[in-house]
Amino acid sequence: MGARFEELAWRETPIGEISLRRRRDPSLDVDVYEVKLDDEFLMSSLFPVAEIELARLGLATLAGDALDVVVGGLGLGYTARTALEDPRVRSLVVVEAIEDVIDWHRRDLLPFTAGLATDPRTRFVRADFFAAVADGVGFDPDAPGRRFHAVLLDVDHSPRQVLHPSHADFYTAAGLRRLAALLHPDGVFALWSNDPPDPSFQRVLTEVFPTSVAHVVRFPNPLQGRESANTVYVARH
């Protein structure tokens with residue numbers, strides 16, 4: 001393994017082989033950090049804009065201080081790190097199903113999220129986000145049913161393209177109602193999606209939440225030499 005490529009971590013998981021790797025992109029002259037699930041790329045440090053905007057857009061509509069926030073899916077850590085940049089955030093619970101992903105951050109393998117694990121507001125919870133919603137226990141093992149001001153979710157590719165069939169029920173009206181029960185009044189649910197705004201999913205959101213908006217987040221794609229876009233849904237309880 002040469003200096004231009006390094007596999008930093010690898011693990012077999014119930015949903016496939018997950019790996020973290022670093023490679024040097026000579027055309028951009030930067031180190032690129034990538035997460036793969038089997039042969040599929042899940043995320044790249046070249047494209048952090050929408051993950052950052054998930055936190056910014058999700059928290060922007062909230063009033064008041066002392067906010068308790070959940071991030072579902074840790075990944076490269078951009079959403080969690082951005083949430084902590086908001087001084088109103090009192091506590092951050094990061095729900096991640098794969099212990100190795102949490103370990104990446106505890107070991108500071110990702111320089112752009114340094115300090116995430118040691119911030120006193122941060123708590124990592126190793127759990128299946130979708131199961132925690134389905135069974136009603138919620139995201140804090142010490143306080144079943146605890147409510148939060150915001151839940152920011154970035155796990156599946158989109159509501160239609162899930163990483164595991166067990167996730168699909170979450171994106172129904174019944175699943176979102178269970179999630180809403182874990183939010184404070186006026187709380188926010190924000191979701192990242194790799195797909196364009198989905199009218200069918202937006203209709204499901206309106207069944208559960210009084211207000212919801214699909215934000216199209218555009219960013220340059222240096223690999224393809226064009227602009228790309230993701231979607232961030234923000235729904236208010």
Side-chain angles (χ1 to χ4, degrees), residues 8-9 11 13-15 18 20 33 35 42-43 48 51-156 163 167 170 178-192 232 234 237:
L8 302 174
R11 176 72 65 179
T13 78
I15 61 173
I18 193 164
L20 172 67
Y33 292 79
V35 179
L42 290 185
M43 55 194 72
E51 286 86 349
I52 291 169
E53 287 303 303
L54 174 61
R56 289 180 176 168
L57 292 168
L59 299 180
T61 61
L62 289 169
D65 298 319
L67 301 179
D68 298 318
V69 178
V70 170
V71 168
L74 177 54
L76 293 176
Y78 285 106
T79 300
R81 179 72 264 174
T82 303
L84 289 175
E85 291 172 2
D86 189 322
R88 300 174 301 155
V89 172
R90 172 175 60 186
S91 71
L92 179 69
V93 174
V94 182
V95 181
E96 171 56 53
I98 301 172
E99 180 65 33
D100 292 70
V101 176
I102 296 173
D103 187 56
W104 300 345
H105 293 273
R106 287 181 172 146
R107 293 163 57 195
D108 274 339
L109 295 181
L110 302 160
F112 41 82
T113 55
L116 170 61
T118 56
D119 192 298
R121 295 171 292 171
T122 302
R123 179 183 182 187
F124 294 126
V125 173
R126 184 186 177 280
D128 182 327
F129 176 95
F130 302 95
V133 173
D135 63 21
V137 171
F139 310 115
D140 185 343
D142 298 330
R146 177 186 171 191
R147 293 190 174 197
F148 292 83
H149 298 96
V151 173
L152 315 174
L153 178 60
D154 178 4
V155 174
D156 294 312
L163 296 182
H167 300 178
F170 174 81
R178 288 189 285 269
L179 182 280
L182 299 171
L183 289 172
H184 286 298
D186 295 325
V188 166
F189 167 57
L191 171 71
W192 174 91
V232 174
V234 179
H237 188 29

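Positions are given from 1, in the same order as the sequence printed here.
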Show the nearest heavy-atom pair for residues [X] and [Y], with the distance to one decimal.
X    : Y    : result
A80  : L116 : CB-CD1, 3.8 Å
D68  : S91  : OD1-OG, 2.6 Å
A55  : A83  : CB-N, 3.8 Å
V101 : H105 : O-CD2, 3.3 Å
H237 : H184 : CD2-O, 3.4 Å
A190 : G58  : CB-CA, 4.0 Å

I'd like to check [X] versus [Y] (side-chain heavy atoms, cut-off strictly below 4.5 Å). Are they in contact?
X    : Y    : answer
V234 : V188 : yes
L153 : F189 : yes
L179 : F170 : yes
R123 : D140 : yes
D154 : Y78  : no
I18  : I98  : yes
F139 : V133 : yes
V151 : F129 : yes

Using 0.5 Å steps for rounding, measure from the [atom1] atom of [X] to the [atom2] atom of [Y].
X    : Y    : atom1 : atom2 : answer
L92  : T122 : CG    : OG1   : 5.0 Å
L110 : L8   : CG    : CG    : 7.5 Å
R107 : D100 : CZ    : CG    : 8.5 Å

Do R88 and D65 sit within salt-bridge range, that is, some charged N less than 4.0 Å from a carboxylate O?
no
Could you check I102, D108, L109 and say which one makes a side chain to side chain contact (heavy atoms under 4.5 Å, CB included) with R106?
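That would be I102.
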Could you list the residues that satisfy side chain to side chain contact (heavy atoms under 4.5 Å, CB included) with D128, not counting sequence neighbours?
F130, A131
Please check this pair: side chain of [X] against backbone of [Y], looking for a donor-acceptor N/O pair closer than 3.5 Å.
X    : Y   : value
T113 : R81 : no
R56  : T82 : no
T79  : E51 : yes

Could you go through R146 and V93, starting from their C-alpha distance and side-chain angles, then the distance that decides it, and tell me whether this counts as side-chain contact (heavy atoms from CB on, under 4.5 Å)?
CA-CA 11 Å; R146 177 186 171 191; V93 174; 4.2 Å; yes
Going by atom type alone, with no hydrogens or angles, which donor-acceptor pairs under 3.5 Å involve a side-chain atom of residues 69-76 and a protein atom two or more places apart or on another chain?
none

